[in-house]
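Note that these values count all heavy atoms, side chains included, but never hydrogens, waters or copies made by symmetry. So that the names make sense, note that chain A is the first sequence line, chain B the second, and so on, each numbered from 1.
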Amino acid sequence: MYVVEKLLKLYPDPKCTLKYNKPYELLIATILAAQSTDERVNKITPKLFKKYPSLEHIANADLEELEEDIKSVGFYKNKAKNIKETAKLLLEKYNGMLPDNIEELTTLKGVGRKTANVVMANIYGVPSVIVDTHCMRLSNRIGFVSSKDPDKIEIELRKIVPRDMYTVFSNLMVYHGRAVCKARKPKCNECVINNVCDFYSSQSDL
DNA sequence: CTCCCGATAT
DNA sequence: ATATCAGGAG
């Protein structure tokens, strides 16, 4: 796939940029990353996981204290409640393990398809199309899709991207979205895939 | 569709 | 000073 080959030369090893040492830590970090950046989440998770070194610690955390611990990632009241309830549910129904499928993962509080796909890709090694804001923006700009609905975008991308490239494609969208195809001022002139980009074409026409 | 919220780019 | 960024639940 052209876009993947081209971007891989620029970002040789695109991977999840969230810091974690255990599967459930990735889940918690990803829940915290909703409407926040990986960078901001990474600033608090090392301390957080040190203070709460197990799912039991998170499940039994004082809610107000937990809120303070994660405050800087934003939406902290929802997220504190979500990670606490998710920790409880993982202990009660899954023996502290993570479900290995989208259906069960998305029953966890604060876990939608994006977060579930991050777990499937990074914990279980299942090729997964992860539609976050970057994947959505780039896929629309390039012209792979024309939709604002993440679920529809995921379905469309699954038809366009070769299955074995789902995860690397998703990560490349994030890397390129952060470095070049930014939300605010995209650096279209230095973009290595502007030759196949609808957004670039429509701009240079002006 | 609205609400949830802090951090950062402009 | 404020618009913009970044997912999920109800």
Side-chain angles (χ1 to χ4, degrees), chain A residues 14-20 24-48 58 61 63-90 93 98-99 101-123 128-141 145 147-158 166-167 169-190 199:
Chain A
K15 51 184 177 8
C16 176
T17 53
L18 252 9
K19 292 180 185 171
Y20 66 98
Y24 81 77
E25 287 186 355
L26 174 62
L27 207 229
I28 300 298
T30 310
I31 291 174
L32 293 176
Q35 294 291 100
S36 186
T37 63
D38 286 5
E39 192 180 346
R40 271 159 56 199
V41 172
N42 286 338
K43 283 226 55 172
I44 67 147
T45 44
K47 291 150 293 179
L48 185 73
I58 298 173
L63 192 56
E64 285 69 39
E65 194 177 337
L66 187 56
E67 288 177 357
E68 288 305 312
D69 293 330
I70 67 168
K71 197 154 196 165
S72 66
V73 302
F75 300 116
Y76 63 92
K77 288 186 180 178
N78 286 341
K79 290 176 183 176
K81 196 150 71 73
N82 287 159
I83 63 177
K84 200 181 165 177
E85 287 180 21
T86 287
K88 283 183 187 172
L89 197 57
L90 287 175
K93 299 199 171 185
L98 297 189
N101 59 82
I102 299 289
E103 295 66 40
E104 287 183 296
L105 282 167
T106 52
T107 64
L108 300 169
K109 300 298 291 180
V111 180
R113 287 198 69 87
K114 182 259 187 174
T115 300
N117 275 313
V118 165
V119 170
M120 293 308 292
N122 296 286
I123 302 303
S128 308
V129 172
I130 303 162
V131 183
D132 70 336
T133 190
H134 296 293
C135 183
M136 159 140 50
R137 185 178 65 256
L138 299 232
S139 295
N140 274 288
R141 300 230 267 223
V145 302
S147 170
K148 222 228 89 183
D149 178 10
D151 289 6
K152 289 181 180 176
I153 294 172
E154 186 182 329
I155 292 170
E156 288 309 302
L157 288 176
R158 281 173 170 272
Y166 283 176
T167 304
F169 169 84
S170 303
N171 290 150
L172 284 170
M173 292 297 101
V174 174
Y175 274 54
H176 200 236
R178 295 206 275 235
V180 178
C181 193
K182 300 184 292 181
R184 309 213 195 195
K185 296 191 170 171
K187 303 175 180 175
C188 294
N189 290 327
E190 43 187 278
F199 184 69

Out of C/dG7, C/dA6, C/dG10, minimum distance to the side chain of A/Thr115 belongs to C/dG7
Decide whether A/Arg178 and A/Thr17 meet the rule of one side-chain donor and one side-chain acceptor closer than 3.5 Å.
-> yes
Taking all atoms of both residues into account, what is the closest heavy-atom pair of A/Gly110 and A/Thr115, and its distance?
-> O-OG1, 4.2 Å
Note: A/Asp132 and A/Val174 closest approach over all heavy atoms is OD2-CG2, 3.4 Å
Validation row: A/Lys114, A/Val131 side chains within 4.5 angstrom (heavy atoms) | no
For atom CG of A/Leu27 and atom P of C/dG8, their distance in whole Å = 11 Å
Spacing of A/Arg178 atom CZ relative to C/dT4 atom P, expressed in whole Å = 22 Å
Would you indicate what A/Leu108 reaches in the nucleic acid, counting non-hydrogen atoms under 4.0 angstrom: base, sugar-phosphate, or nothing?
-> sugar-phosphate
Side-chain N,O (A/Ser36) to OP1/OP2 (C/dA6) below 4.0 Å = no
Rounded to the Å, how far apart are A/Gln35 CD and B/dT2 P?
-> 15 Å
When the nearest nucleotide of DNA chain C is assigned to A/Thr37 and to A/Thr106 on a heavy-atom basis, which residue is associated with the more 5' position?
-> A/Thr37
Can you check the A/Met173 CE to C/dG7 P distance for me, whole Å?
-> 15 Å
Let me know the distance between NZ of A/Lys109 and P of C/dA9, rounded to the nearest Å.
-> 6 Å
Gap in Å between the two P atoms, one belonging to B/dC5 and one to C/dT2, rounded = 22 Å
Of all the nucleotides listed (B/dC4, C/dC5, C/dA9), which has the minimum atom distance to the side chain of A/Phe75?
-> B/dC4
Anything under 3.5 Å between a protein N or O and an N or O of nucleotides 7-10 of chain B, put it in a table, one pair a line.
none

Across the strands shown, which category fits A/Asn82 at heavy-atom distances under 4.0 angstrom: base, sugar-phosphate, nothing?
-> nothing
Of the candidates C/dG8, C/dG7, B/dC5, the side chain of A/Thr133 sits closest to C/dG7
Of all heavy-atom pairs linking A/Val41 and A/Ala33, the shortest is CG2-CA, 3.6 Å
Phosphate OP1/OP2 of C/dA6 contacted by A/Arg137 side-chain N/O (<4.0 Å) | yes
A/Ile153 CD1 to C/dG7 P, straight-line distance once rounded to whole Å = 12 Å
Could you work out the separation of B/dT10 and C/dA6 based on their P atoms and round it to a whole Å?
-> 12 Å
A/Lys71 and A/Glu67 ion-paired at < 4.0 Å = no
Backbone N or O of A/Cys181 within a donor-acceptor pair of the A/Arg137 side chain at under 3.5 Å?
-> yes
Within-4.5 Å side-chain heavy-atom neighbours: A/Asp69 and A/Ile44 = no
For the pair made of CG in A/Asn78 and P in C/dG10, what is the distance, rounded to whole Å?
-> 9 Å
Answer whether the closest heavy-atom distance between the side chains of A/Asp151 and A/Arg113 falls below 4.5 Å.
-> yes
Distance in angstrom units between A/Asp69 CG and B/dC5 C1', rounded | 17 Å
What stems involve DNA chain B, if each pair must be Watson-Crick or G-U and both of its distances must be under 3.5 Å, with 3 or more such pairs in a row?
-> B:1-4 with C:7-10, B:6-10 with C:1-5
Could you tell me whether A/Lys79 contacts a base, only the sugar-phosphate backbone, or nothing, with contacts defined as non-hydrogen atoms closer than 4.0 Å?
-> nothing
Which residues share a side-chain hydrogen bond (donor to acceptor under 3.5 Å, both in side chains) with A/Glu85, sequence neighbours left out | none
